[in-house]
Trainee: 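I have a structure I would like to understand better, so I am pasting it below and will then ask my questions one at a time.
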Amino acid sequence: MHYILDAIDFVLQPWSYFLFSVIAFWAMIKYREKWTEPAFAVKLLWGAIGAIVFSMVYSVHFREIASLPDNVPIFLMVFSVGFFTWLSFRQGVLNDRRIAQGQPPIEKETSDKKVYVWPDLVYIEFIATVVAGVVLLIWSLCLHAPLEQAATPAWTPNPSKAPWYFLGLQEMLVYYDPWLAGVVFPTLIIVGLMAIPYIDKNPKGAGYYTFNERKLAIIPFLFGFFILWVTLIFLGTFMRGPGWNFFGPYENWDLHKVVVLNNVNLSEYIWVRILGIGLPSNFLLREIWGFLAVGFYLIGLPPLLTKKIPLLQELLEKMGVVRYGILIFLFLSMAALPIKMVLRWLINLKYIVAIPEIFFNI
Amino acid sequence: MHYILDAIDFVLQPWSYFLFSVIAFWAMIKYREKWTEPAFAVKLLWGAIGAIVFSMVYSVHFREIASLPDNVPIFLMVFSVGFFTWLSFRQGVLNDRRIAQGQPPIEKETSDKKVYVWPDLVYIEFIATVVAGVVLLIWSLCLHAPLEQAATPAWTPNPSKAPWYFLGLQEMLVYYDPWLAGVVFPTLIIVGLMAIPYIDKNPKGAGYYTFNERKLAIIPFLFGFFILWVTLIFLGTFMRGPGWNFFGPYENWDLHKVVVLNNVNLSEYIWVRILGIGLPSNFLLREIWGFLAVGFYLIGLPPLLTKKIPLLQELLEKMGVVRYGILIFLFLSMAALPIKMVLRWLINLKYIVAIPEIFFNI
Amino acid sequence: MLDKLKKKIDEIFAQSPSPEAVKKAIAEGQVWKSIFRHGYPDTPRNRVMAVLSNVFLHLHPVKARHSGVKMSYTWCMGGLSFFLFLNLTVTGILLMFYYRPTAEYAYYDIVALREHVPLGIMREIHRWGAHAMVIAVWLHMFRVFMTGSYKPPREFNWVIGVILLVITLLLSFTGYLLPWDQLAMWAITVGTNMARATPFMGYEGPGASMIQIGGVHLVNGGSDIHFALLGGHFVSEATLIRFYVLHCVVVPIVAATLMAIHFWRVRKDGGISGPL
Amino acid sequence: MLDKLKKKIDEIFAQSPSPEAVKKAIAEGQVWKSIFRHGYPDTPRNRVMAVLSNVFLHLHPVKARHSGVKMSYTWCMGGLSFFLFLNLTVTGILLMFYYRPTAEYAYYDIVALREHVPLGIMREIHRWGAHAMVIAVWLHMFRVFMTGSYKPPREFNWVIGVILLVITLLLSFTGYLLPWDQLAMWAITVGTNMARATPFMGYEGPGASMIQIGGVHLVNGGSDIHFALLGGHFVSEATLIRFYVLHCVVVPIVAATLMAIHFWRVRKDGGISGPL
C-alpha cells in the first residue's frame with residue numbers, strides 16, 4: 001500500500017494534475033453517451049467513494065486534512081457537483097437523442113400543462129425545506145464548527161489559506177501577481193459571467209437540457225467551472241502545504257521542504273539568453289518583448305484566429321463585431337491562466353512583462 | 001408680567017389642566033364651523049405662537065425646559081397635530097355642507113378620474129422626499145443631539161422621564177399601578193385601535209373627510225388621542241418635575257417641594273369612615289366594596305346604560321351582541337382613566353381595590 | 001476582420017450620430033431592453049410599463065385616483081414615514097460602523113463621533129429623524145382615521161398599521177438606550193420597570209405569586225419577563241447588547257416585512273382610498 | 001339586553017354547532033375575510049386567491065409549467081439557496097445576542113457559546129448553512145446555465161444572479177472573520193491582501209505610484225483601498241467592527257433587495273423557464 005501511495009504522490013505534480021483534469025474533462029465530453037448510463041454512473045460513484053475510503057484508511061495525513069471540519073463542505077461540493085453534472089448530462093443526452101429523431105425535448109411534453117402553484121409547487125417547496133432543514137440539523141449535531149486559538153498577529157500559521165471557495169484564486173497567485181490574480185481576473189470572471197446572455201445569441205436550448213445544440217456555450221463554461229475553479233479548489237485544499245508548496249495528497253506537509261525556484265522572466269530569456277546582450281536599463285525597452293507578446297495576444301491574435309478558423313468566421317457573421325470582440329477578449333482572458341501554467345511548467349517562465357518598479361508584472 | 005406667570009402657575013393644577021383640555025375639546029367639536037375658517041385659524045396660530053414666545057421670553061424656567069433638544073420634537077408634534085386637525089376638520093366641514101345640500105363630497109369630483117402613477121404620483125413623492133430631506137438636514141445642522149454624562153447606576157436623575165412619546169403612560173402611573181398603567185392599558189390601547197375597523201360598521205364616510213356622518217367614531221377617537229395622549233405628553237414634559245410632582249409651567253422645579261399625599265383607599269372609606277368598624281383582616285372581604293364597584297362598572301353598567309340610552313339601544317341593534325360588547329368594554333376601559341382622575345381630585349381616592357399582598361391594586 | 005472594423009468605424013463617423021440617435025440606440029439595444037423591458041419615450045404604454053416592470057415602483061398601482069394623489073388628502077404622511085425609515089436605515093448603518101455595543105466603549109464611541117468628526121451630523125439626522133418618524137406615523141394614522149380609510153376592505157391593513165405604530169415606538173425606544181448616557185439609561189429604566197408588573201409574568205405583577213411549586217415561586221426577580229428583557233436585574237451591559245441587536249436587526253426586519261405587507265395590501269385593497 | 005344574551009347563548013347551545021360549522025363561521029367571518037380575502041374550501045378560485053392575496057406566496061405565479069415544477073428540472077437549488085438564506089438570517093440574529101464585536105470579547109464570546117450552552121448548535125447551523133449556501137448557489141447557477149435559462153427575456157435576471165453569487169461569497173467571507181480565531185484572522189488577511197494590489201487604488205497595485213502631486217504619493221499604505229477595507233494596515237479591531245456591520249446588516253440588506261428583484265423578474269419573465 002505504501003508503494004501505491006508513494007507512486008501516486010510521485011505522479012501527481014501540478015502539471016500532471018492539470019493534465020489529468022483536462023483529459024478527464026475531454027473524456028467527459030467525448031464519452032457522454034457512455035457515462036450517463038445509470039449503471040456506469042453507479043460504478044463511477046463507487047470508484048470515487050472507494051478512492052476516498054482507500055485514502056482515508058491508508059494515509060494518516062490525508063485523513064487529517066480531509067477531516068478538518070471546514071474541509072467537509074469540499075466533499076459535499078465535489079459529490080454534489082458530480083451528481084448534478086451527471087443529472088444534467090443524462091437529461092441532455094436523452095433530449096439530444098429525441099431531437100435527433102425529430103421529437104421535442106422531454107420537458108416539452110409537460111411544459112404546456114399548467115399546474116396550480118398552490119398547492120402543487122408550494123407542497124414541493126415545503127417538503128424540500130423540511131428535508132434540507134433536517135439534513136442541516138444532523139450535520140450540525142454531528143460536526144462541531146471549528147475554533148482555533150484566539151487571533152494573534154504575532155504568529156502566522158503556515159500555510160495560511162483563504163476560505164475554501166477562494167482557493168482557486170489563491171492558486172492563481174502562483175502564476176500571476178495579486179493585481180491580476182486577485183483583482184483583474186476575479187473582475188473578469190464576474191463580468192464574463194454577466195456577459196454570457198448577451199454574447200450567447202443561440203436561440204436554441206432555452207428551457208431544456210441539451211448538449212448538442214449548445215456545444216459552444218457549454219464546453220467553455222464547464223471548462224472554466226470544472227478545470228479552473230473546482231479542481232483548483234481541490235488542489236488548493238489537499239495539495240498545497242506550508243509555503244504554498246505542492247505536496248502529493250498523501251505526502252506529509254514538511255515545513256522545511258525546499259522547492260528550487262529557477263523561474264526566469266521573458267526579458268531575460270530574450271535579451272540575455274538568446275540575444276546575449278544583457279538587460280537594457282530602461283524598463284520599457286527591457287520589457288519590449290513582453291509588451292509585444294501581450295499586445296499580439298490581445299490585439300493581433302483575434303483577427304488572425306478569426307481569419308484562419310471557419311467556425312470563428314461564422315460566429316463573427318452571426319454575432320456582429322461588438323459581441324464577437326467581447327467574446328474573444330473574455331475567452332483569451334480565460335485562456336491566460338492555463339497558458340501561463342503551461343509556460344511555467346515547460347520553460348520555467350516567471351513573468352512575461354516584469355516591471356516591479358510600478359508593480360506591473362504579467 | 002411676574003404676576004401673570006404666577007397666576008397661570010396658580011390656576012394650572014392637574015384637575016384644572018384636565019378641565020381646560022376637556023372644555024377646549026368640547027369647543028373644538030361644537031364650534032367647528034367657526035374655527036375652521038382660515039381667518040380664524042390664523043388668529044389661533046398667532047395666539048399659540050404668541051403664548052410660546054411670551055413664555056420663552058418671560059420665564060427662564062420654561063425656556064430651559066423647552067429648549068432641551070429632546071423636547072423640540074414635542075413642539076413639532078403639537079403644531080403639526082394642530083395644523084392637520086385643522087386641515088381635516090376644514091375639509092370635513094366643507095364636505096358636510098356639500099352633503100347637506102345633496103352634493104357628493106369634494107373628493108368624489110376627482111376620484112373617478114385616474115392619473116398615471118408614473119409620472120404624476122412619483123413626481124409628488126419625489127418632491128416630498130426632497131423637501132423632507134432638506135428640512136431634516138437643516139434641523140440636524142442647527143440642533144445637536146443630546147448627550148449627557150456617561151451612564152451610571154450610582155446616580156439617579158430626578159425626574160427620570162421616559163422618552164417623550166411614552167409620557168402619557170408615565171402620567172397614568174400617578175393614578176394606576178404599573179400593571180395597569182404600564183401593561184394592561186397599553187395593551188388595551190393597541191387592541192382597541194386594532195378593533196376599530198371591526199367595530200365601526202358605519203358604511204358612510206369612507207374615503208373622504210367628514211364629521212357629521214361619523215360623529216360617534218370621531219369624537220371618542222379624538223378624545224383618546226388629544227385628551228388622553230397628546231395633552232398628557234405636554235403635561236408630562238412641562239409640568240412634571242422632581243419626584244414627578246406637579247409644577248406650573250413657569251414654576252421652578254424645586255427638588256424639595258413637598259406635596260401632601262393624603263389619598264385614601266376605597267376600603268378605608270367604607271369600612272372605617274362610613275361603617276366605622278375597621279378593616280377586616282381577610283383581604284377578599286376587606287376589598288369587597290372595590291370588587292363590587294369594579295364588577296358593577298364592567299358587568300352591571302353596560303346593560304343598564306344600554307337600556308337607558310336610546311342611542312346605545314340603536315347601536316346594539318345595528319352591531320350585534322359581540323361587537324357591541326367589545327365596543328362597550330373598550331369604551332369603559334378608556335373612561336377608566338378620567339374617572340379615576342376625577343375621583344382622585346374630588347375625594348382623594350387612592351385605590352378602588354387594594355391588595356398589595358399580590359400586587360393587585362386598581 | 002480589420003477591414004470590417006475600419007469600415008464600421010468609418011460608418012459610425014460618417015453618420016455622426018446625433019445625441020438622440022445614441023439615446024435611441026441605447027434605449028433599444030439588448031442591454032437596456034433586458035433591464036427595463038420598455039422604451040424611453042413618454043407614451044401611455046411606457047408609463048404603464050415603468051410601473052409594472054420595476055419592482056420598486058410596482059408598490060404602486062399603474063393608475064391612481066386623482067383625489068388620492070392630492071397632498072391635501074393624504075398629507076403625504078405614509079410616504080414620509082417610509083422615507084424616514086429608509087433615512088434611518090442608512091444613517092443607522094453608518095453609525096454602526098463607529099459604535100461598539102459594550103459598556104466600556106458605547107458612550108465614548110458616541111463622544112468620539114461628536115468630537116472627532118468635523119461637521120458630523122449622522123447622529124443628529126438619525127435622532128431627529130426617529131422623532132419625526134414617530135410623529136409622521138401618528139399623523140398618518142390620524143389621516144387614515146379621519147378619512148375613514150380603515151373601512152372595508154381595508155380593515156386588516158389598519159391592523160397592520162397599528163402594529164407598525166407599535167414597531168415604530170419600539171424602534172425608537174430600543175435606540176434610546178444606545179448612547180449609554182444618563183438620559184438613555186434612566187429613560188429605559190423607567191420604561192422597562194413596567195415589565196416587572198406584568199400580570200403573571202413579572203415578579204411584581206398580580207398573580208405572579210400564585211405560580212409556585214411546593215412553595216417555591218417560579219416567577220421571581222431572576223426569572224421574570226423584566227429579567228428576560230434586560231438580561232439582568234437592572235439596565236446593564238447585557239441590556240445594551242440586547243437592545244442593540246433588537247434595534248439594529250430584529251425590529252427593523254419585522255418592520256420591513258410588515259411594511260411590505262402594508263404596501264402590498266394598499267394595492268390589493270384598491271389603492272389609496274376614495275369615495276365610492 | 002340580558003334576555004337577548006341569554007337567548008343568544010341558548011340558541012348557540014341549541015344548535016350545538018359541528019366543528020365544520022365553527023370552521024365555516026370563522027372562515028366567513030369579517031376578521032378572516034379581511035385577512036385572507038378568500039374562503040377556505042379547496043376550489044380552483046381559492047387556489048388562485050391563495051397565491052394572489054398573500055404577499056409571500058405572490059412571489060409565485062398562480063400557475064406554473066408542469067415541467068418547471070419537477071425537481072429533476074430545477075433541482076430545487078434556487079429555493080434551497082433562499083431557504084438557507086432565511087435559516088442563516090434567523091441563526092445569525094440569535095448569535096448576535098451573544099456576541100460583542102470587539103477584539104477582547106469576540107473570541108471569548110464564541111468560546112462561551114461553545115462551552116456554556118448545552119447542546120448549543122446555533123453556530124454550527126450557521127456555519128454549515130453558510131457553506132451549503134455557497135454550494136447551493138453554484139449549483140443553482142449551473143442548472144440555469146445547463147438549461148439555457150438565461151436566454152431572452154431572462155438575460156438581466158442572470159446578471160442579478162451573478163451579483164447574488166458575489167454577494168453570497170462576500171457574506172461568507174465577511175462572516176469568516178467574526179470568530180476572531182487564528183483561522184479567521186489569517187484567512188481574511190490572505191483574502192484582503194489582494195486589495196493592496198488593486199490597480200491605481202492599492203498602494204502595491206500598478207499605476208498607484210503614478211498618482212502623485214509634487215512627488216507626494218496620494219495612494220499609500222494609509223490611504224489605499226486595502227486600508228479603507230480593513231480600517232488599518234492589517235486585520236485589527238477596526239476590521240472586526242467593519243466586517244461585523246457588513247456581515248450582519250449591509251450585505252444582507254443588499255442581498256435581500258436583490259433577491260426581491262430576482263424573484264420578481266422570474267415572475268415577470270414568464271416563471272420558471274421551459275421550452276417554447
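Here is the naming used below: chain letters follow the sequence lines, and residue numbers restart at 1 for every chain. In this text the structure is predicted, and so the values were computed from the model without any measurement.
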Trainee: Are more than 12 heavy atoms, taken from residues, nucleotides or ligands other than B/Leu284, located less than 6.0 Å from that residue's CG atom?
Mentor: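 Check passes, neighbour count above 12.
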
Trainee: Chain D contacts: which residues in residues 336-343 of chain B have a non-hydrogen atom closer than 4.5 Å to it?
Mentor: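 Listed by number: none.
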
Trainee: May I ask you to list the residues in residues 132-156 of chain B that approach chain D closer than 4.5 angstrom, counting heavy atoms only, ordered by number?
Mentor: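 Contacts with chain D: none.
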
Trainee: Above 12 or not: heavy atoms from other molecules or residues under 6.0 Å from CZ of B/Phe331?
Mentor: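 No, not enclosed.
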
Trainee: Surrounding CD1 of D/Ile213 (heavy atoms of other residues, nucleotides or ligands, distance under 6.0 Å), is the total greater than 12?
Mentor: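 No, not enclosed.
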
Trainee: Can you tell me if B/Trp229 has over 12 outside heavy atoms packed within less than 6.0 Å of its CH2?
Mentor: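 Yes - once you tally the heavy atoms of other residues, nucleotides and ligands closer than 6.0 Å, there are more than 12.
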
Trainee: Checking B/Glu213 now: which residues fulfil side chain to side chain contact (heavy atoms under 4.5 Å, CB included) with it, not counting sequence neighbours?
Mentor: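 Listed in chain order: B/Ile99, B/Lys204, B/Tyr208, B/Thr210.
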
Trainee: With sequence neighbours excluded, what pairs up with B/Asn95 under the side-chain hydrogen bond (donor to acceptor under 3.5 Å, both in side chains) test?
Mentor: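 Testing B/Asn95 for side-chain hydrogen bond (donor to acceptor under 3.5 Å, both in side chains), a comparison that skips the adjacent residues, returns B/Glu107.
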
Trainee: Would you indicate whether D/Tyr105, at its atom OH, is surrounded by more than 12 heavy atoms from other residues, nucleotides or ligands within a distance under 6.0 Å?
Mentor: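 It does: D/Tyr105 OH has more than 12 such atoms within range.
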
